[in-house]
Amino acid sequence: MTPSQDSALRVGIRIPPCDRVDRLAETALRAETFGFDQVWFPDSQLLWRDVFTVLTATALATERIGLGSAVTNLATRHPAVVASAARSVAELAPGRFTLGLGVGNSSVGPVGMRASTRAEMRAGITMLKALLDGQEWDFGGVTSRLRDPGPKIPIHLAASGPRNLQLAGEIADGVILLSGVSPRTLAGAVSHVSEGAAVSGRSVASLPLTVSAFCAVTDDVEAAARLLKPICASIAQNGGAPFLALAGIELDVPAKVAGVYPDLVHAEDWDAAVKICSEWVSDAAALRFAEEFCLFGTADEITGKLTALRAEGVTSVFLQHVGSYDPPTELIESVGSTVLPALAARSSR
């Protein structure tokens, strides 16, 4: 389906697989009840429950809501394994499942592997698409195919750097943008996707664009923003300092930060990570990050930002709460009871 500027923005929620699978499915059902369009589950084998097991349980527990991986990878999981798992979920939720892929950061790091290169992503997705289409594939002299391949599964690629954004625009069925909601970084990301789309003879307007954003419905953005310090530090630590500098956030974070396990974004002791990162990330910098890149604020403010995203060509957004080891119950309740009704009212005008 080709995205239309007249269609409403699809709002999803990210649920880390941090609990028993049946409880996670209940959380997803709660999101469906509140009117969310999608639930997205990340994949990191040592941090959380298995993503495809969670997706399977959620497919059986829900009826309407879209399901997605945000994201799995082709490094710890062979493309043939991903093809079989994705097909299995899609059979249970026809037309509802999106396979989100990335380079594998939080999956590969804890087991001493490296993230997939651009060339490896291209090769892996090419193989994956062929298998899902029922085509034969030569596995080093052994020719095989996926039995019972249907139904059709859209593949969305998560990307942040220029080259991977171009790759996503060229070969993926949709793109998950890791730029946040900042108009400046978002415009730059979309331009790279557009360049890649042109290589395949298509327009960026034909591609679903999903933006990932941290979100909190709050009257005290300054207090809530302090929790974002490990996120800010991680971005700066992993080559994103120029990205932050666009918003006037100047950070110099060392390559390794002691006292945080397993990493800054997925710290098990979040309060300790916030305290540690305060050495490099001031309250003012965290507040600026929340205001520029995130959806922090009152329901009206968040609704306004979401409306602006749709006007910029974004088709979907998935919201994240801060933290990795508790479900986003509060965010589902607050957004579902305030933002979603307001957004629907604006869309109907």
Side-chain angles (χ1 to χ4, degrees), residues 9-72 85-86 88-100 102 106-107 156 158 176 210-218 224 227-228 231 262 265-270 294-296 299 302 306 316-344:
L9 180 76
R10 290 170 60 81
V11 180
I13 187 83
R14 177 182 180 271
I15 303 176
C18 56
D19 198 356
R20 241 174 46 184
V21 171
D22 55 337
R23 292 174 185 153
L24 295 166
E26 289 173 1
T27 300
L29 179 58
R30 185 64 173 159
E32 180 178 75
T33 302
F34 267 108
F36 282 87
D37 297 296
Q38 297 165 303
V39 287
W40 298 85
F41 297 99
D43 178 21
S44 191
Q45 70 279 354
L46 295 185
L47 302 186
W48 302 306
R49 278 56 167 187
D50 176 73
V51 69
F52 287 105
T53 304
V54 174
L55 284 162
T56 297
T58 303
L60 294 171
T62 58
E63 296 180 357
R64 174 197 59 81
I65 200 164
L67 313 176
S69 55
V71 289
T72 189
S88 301
V89 173
E91 285 179 329
L92 297 175
R96 291 200 284 147
F97 177 56
T98 299
L99 179 61
S106 68
S107 293
H156 289 201
I176 299 173
T210 300
V211 169
S212 165
F214 286 94
C215 180
V217 181
T218 177
L227 295 175
L228 292 166
I231 306 297
V265 174
H266 306 97
E268 289 185 342
D269 188 336
W270 197 261
C294 305
L295 293 167
F296 274 44
I302 293 171
L306 290 173
S316 304
V317 60
F318 72 77
L319 311 178
Q320 300 189 56
H321 73 313
V322 176
S324 296
Y325 309 109
D326 63 304
T329 305
E330 182 178 343
L331 187 59
I332 290 171
E333 300 278 340
S334 59
V335 171
S337 61
T338 59
V339 175
L340 294 188
L343 199 60

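Only heavy atoms go into these numbers, but all of them, side chains included; no hydrogens, no water, no symmetry mates.
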CH2 of Trp270 to CG of Asp326, rounded to nearest 0.5 Å, is 10.5 Å

Residues at least two apart in sequence or cross-chain that pass side-chain contact (heavy atoms from CB on, under 4.5 Å) with Pro262, listed by chain then number, are Leu47, His266, Glu268, Tyr325

Thr72 meets the side-chain contact (heavy atoms from CB on, under 4.5 Å) criterion, sequence neighbours left out, with Asp43, Phe52, Ser69, Arg77, Leu99, Leu101

Residues 58-67 vs salt bridge (Lys or Arg N to Asp or Glu O under 4.0 Å), sequence neighbours excluded, gives none

Those residues at least two apart in sequence (or on a different chain) that pass salt bridge (Lys or Arg N to Asp or Glu O under 4.0 Å) with Glu333 are Arg30

**Message:** Please check: side-chain N/O of Asp37 versus main-chain N/O of Gly12, any donor-acceptor pairing under 3.5 Å?
**Reply:** no

Ile231 vs Val265, side-chain contact (heavy atoms from CB on, under 4.5 Å): CA-CA, chis, key distance, verdict:
CA-CA 6 Å; Ile231 306 297; Val265 174; 4.3 Å; yes

Sorted by chain and residue number, the side-chain contact (heavy atoms from CB on, under 4.5 Å) partners of Leu331 (sequence neighbours excluded) come out as Ile13, Cys215, Leu319, His321, Pro328, Ser334, Val335

Hits for ring pair (Phe, Tyr, Trp, His ring centres under 6.0 Å) against Phe318, two or more places apart or cross-chain, chain-then-number order -> Trp40

Take Ile65 and Arg96, measure what side-chain contact (heavy atoms from CB on, under 4.5 Å) needs, and give me the verdict at the end. CA-CA 7 Å; Ile65 200 164; Arg96 291 200 284 147; 4.1 Å; yes

The side-chain hydrogen bond (donor to acceptor under 3.5 Å, both in side chains) partners of Gln320 (sequence neighbours excluded) come to Arg14, Ser212

By side-chain hydrogen bond (donor to acceptor under 3.5 Å, both in side chains), Thr329 pairs with (sequence neighbours left out) none

For Leu228 and Phe296, run side-chain contact (heavy atoms from CB on, under 4.5 Å): C-alpha distance rounded to whole Å, both residues' side-chain angles, the deciding distance at 0.1 Å, then the answer.
-> CA-CA 11 Å; Leu228 292 166; Phe296 274 44; 3.7 Å; yes

Scan the side chains in residues 19-26 for donor-acceptor partners under 3.5 Å anywhere in the protein, sequence neighbours excluded, and list what turns up.
residue : atom : partner : partner atom : Å
Asp19   : OD1  : Arg23   : NH1          : 3.3
Arg20   : NE   : Asp22   : OD1          : 3.0
Arg20   : NH2  : Asp22   : OD2          : 2.7

